[in-house]
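Throughout, protein chains are lettered first and strands after them, A, B, ... in sequence-line order, and every chain is numbered starting at 1. Keep in mind that the numbers below use all heavy atoms, side chains included, and drop hydrogens, waters and symmetry copies.
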Protein chains: 2
Amino acid sequence: MGYPERKKQILKILDKRESMEVQEIADELGISAVTIRRDLQQLADEELLIRTHGGAMKAPPRHPFTAYADKETQAVIKKKYIGKLAAALVEPGDTIFLDCGSTVFTMCTHLKDITPLRIITNSLPVAAAFMDVPGIQVNLAGGEMDGQRKAVHGSKAVEHIRSYHADKAFIGTDGLSVKSGLTAFSETEAIISTAMAGSADQVFVLCDSTKIGRDSYLKFAPLSLLHALVTDKDITLKQMAELKGNGVKVMN
Amino acid sequence: MGYPERKKQILKILDKRESMEVQEIADELGISAVTIRRDLQQLADEELLIRTHGGAMKAPPRHPFTAYADKETQAVIKKKYIGKLAAALVEPGDTIFLDCGSTVFTMCTHLKDITPLRIITNSLPVAAAFMDVPGIQVNLAGGEMDGQRKAVHGSKAVEHIRSYHADKAFIGTDGLSVKSGLTAFSETEAIISTAMAGSADQVFVLCDSTKIGRDSYLKFAPLSLLHALVTDKDITLKQMAELKGNGVKVMN
DNA sequence: TTACTTTTGATCAAATTTGATTAATTTTAT
DNA sequence: ATAAAATTAATCAAATTTGATCAAAAGTAA
C-alpha cells in the first residue's frame, strides 16, 4: 500500500473518529507504526490533521461553511441526540431531503456510514460535510445565497427541490403545537421546508423539546403532514399524550 | 498508442480514481512502465497530477480551503496577479459569471469592494467568499456536488446557468493554443464553462502563461469565443504575436 | 530506398521509502 | 519532584522505485 492509499485511509478513519492513536492505525492498516508516524507528520504539514502525542486529532474544519460553532450547551447536546436518532431512520439506498437547520445538521456525522445515499439539500454546511465522502451523492439546490443561514433560498431553489422526489424528508421547525402545527421564524426557510415535505414519501420533523407547545410567527404546515416527530427525552408525558392523541408519532 | 492518446487515457482514469500505481496503468494500457513513468513526469510538470512514489495522485485541489496548503509558489503568485487584473474589469452594477477554477477564485479578494455586484457561480468557495459581503448578491447553481472541485456540476447546473444572463463571464482553462483553442482536464467542468460563456456578453479567459501553447485533453471552445485573455507577464512576445494574429486580445 | 529524428523499451546505478532498533524526549504516576 | 512508562526522532539496512544511458523500433523527409 503506497502513500496515496494510506493517506486516504487515515483521513477516512479520522473523519469518523474525533481522534486516533498511532498504534491503532498501524494495526488496522497492517503498516508499521513508524510509517504511520511519518504519514501523520506529512498530513499535519498539509494541515489535514493535528498531531498529538501518541496519535492525531481531526483538523479544525477548513471549510468556511462549517458554521454552527455552538458551544456544548444543553441545547446542543439535545440536538445531537436528536440527530443521531433521526439518522437511524435512514437506510442504505435512500434518497433524502435535508433542510438547513442546525438540528438537521447534526444528522450528518451519523449518515456517513450509510451508503449508498443520495442527499438533496439547500444547506451549504450539509453539502460541505459530505463533500469527500465516497458513496454519498449530494445534490445542492440552486438559487440565491442566504449568507445568514449559509443556505440557498428563493423561488429557484424551491423549483429545484420540487423537481426531485425523495424517500424521506428531514426538516426542522421553530415551533410545534397542536393548535398551530409547524411554525417558522422565516418565510424563506419555511417555503423550502414545505417544498421538501411535499416531494417526499415520509416527513420527519426534528425539534427539541423546548420548542414543543410553542409557536413562532408563521404557520407553514399542519401536523398531519408529518410521519413522525423526532425529539429528545425531556418532552413531558402530557405533551406526548396530546400529540399522540392528534395522530403524531413521537420518537425520542 | 501515441502520447496524446495515453495522456488522455491517464487523465481519464485519474479523473475517476483518487490515485493509481505505475504498474497498474502500464498493465491497463498495455504499455511499459518506463513509458508511463515518463508520461507521469510530463503530466506532473503540467500540474495535471501529483507524482508519488510508485504512482500518481489526482491533481491538487484548486481552492484555498482544502488539502495541500498552497505555498507561495511561482504559480500561485501568477494566479494572484491574474486575479487582480481580471477583477479590474468588473464594474459596479455588473452581473458576472465566475467558474470554479483556482485562478478565477483569486479574483474574489478584489471584488469585495465593487458593489453592487451580482455573482452567478457553481463554485462553493466563491459562494463562501461572498457569504457575508453586503452589496454582493450570490446566485449559486444547483445540481450534483463535485467534492473534488468543491463545485456543482451536471446537467441541472448547466440548465441553471443557461437560465441567466450576465454582462461578463470569467472562466479558467487547463490549456490554450491557437491550434486547439481552449482545452480542459475535465468534461464536467468544461460543460459549465461553455454554458457561462454562452450566456454572457463578454467572455474573459484567465490562464497563466505556462498553460499557453499547451493542450489538455478535451477541446471545449474556440479562441473566437473570448473577448480577451487575461494572463501574466511571462507570456513570450512570440506567443503574444501569434495570439494577436488570431484575433485574441491579450491583457497582462 | 537511405539517412535522420523521435519514441519506446531494457538494463543498471542512484535515490527513496519502509521497517527495525536504539537513544532522547515527553507524559504519567507515585 | 522523581521515577516509570510511553512516544518520538534518529540511524541504519533491506526493498522498491526511479532516472539515465543506450539500443531497437517507428516514423519523416529527401
Please write out each protein N/O paired with an N/O of nucleotides 21-25 of chain C under 3.5 Å, distance rounded to 0.1 Å.
none

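- In the helix from C:dT1-D:dA30 to C:dT30-D:dA1, the terminal helix axes, each the rotation mapping four pairs' C1' atoms onto the next four within five end pairs, subtend 40°, rounded to 10°.
- Nearest heavy-atom pair across B:H153 and B:C100 is NE2-SG, 4.0 Å.
- The CD-P distance, from B:Q42 to C:dT6, rounds to 14 Å in whole Å.
- Applying the side chain to side chain donor-acceptor pair (under 3.5 Å) rule to B:R37 yields no partners; only residues at least two apart in sequence or on another chain are considered.
- Along DNA chain D, read 5' to 3', the first and last nucleotides having any atom under 4.0 Å from a heavy atom of chain B are D:dT17 to D:dG19.
- Residue-to-nucleotide proximity on DNA chain C shows that, of A:S32 and B:S32, the 5′-proximal contact is made by B:S32.
- Smallest separation of non-hydrogen atoms from B:S19 and A:K8: OG-NZ, 4.5 Å.
- Judged by distance alone with a 3.5 Å cut-off, a donor-acceptor contact links the side chain of A:R38 to the base of C:dG19.
- Considering all non-hydrogen atoms of both residues, A:K168 and A:V90 come closest at NZ-CA, 4.2 Å.
- For the 3.5 Å distance criterion, the side chains of A:S32 and A:T35 qualify, holding a donor opposite an acceptor.
- Between B:L206 and the choices B:D99, B:L98, B:V230, the side chain to side chain contact (heavy atoms under 4.5 Å, CB included) rule is met once, by B:V230.
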Polar-atom pairs under 3.5 Å, protein N or O versus N or O of nucleotides 26-28 of chain C: list them with distances, or write none.
{"from": "C:dT26", "atom 1": "O3'", "to": "A:H53", "atom 2": "NE2", "distance (Å)": "3.1"}

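- The separation between A:I36 atom CD1 and C:dA20 atom C1' is 16 Å, rounded to whole Å.
- Summarising the geometry, the separation between CD1 on A:I25 and P on C:dG19 is reported as 14 Å, rounded to the nearest angstrom.
- Checked against ring-ring contact (aromatic ring centres under 6.0 Å, His included), B:F170 has the following partners two or more places apart in sequence or in another chain: B:F204.
- The shortest heavy-atom contact between B:V158 and B:A195 is CG1-CB, 4.0 Å.
- Shortest non-hydrogen contact noted between A:K58 and A:I50 is O-CD1, 4.1 Å.
- Atom CG of B:D39 is separated from atom P of C:dT7 by 11 Å (rounded to the nearest Å).
- Between A:F130 and A:I119, the shortest heavy-atom distance links the atoms CE1-CD1, 3.5 Å.
- More than 12 heavy atoms of other residues, nucleotides or ligands sit less than 6.0 Å from atom CD of A:Q23.
- Counted by atom type alone, A:N252 and A:T231 present zero donor-acceptor pairs between their side chains at under 3.5 Å.
- Under the 3.5 Å distance criterion, with hydrogens and angles disregarded, no donor-acceptor pair is assigned to the side chains of B:S123 and B:K150.
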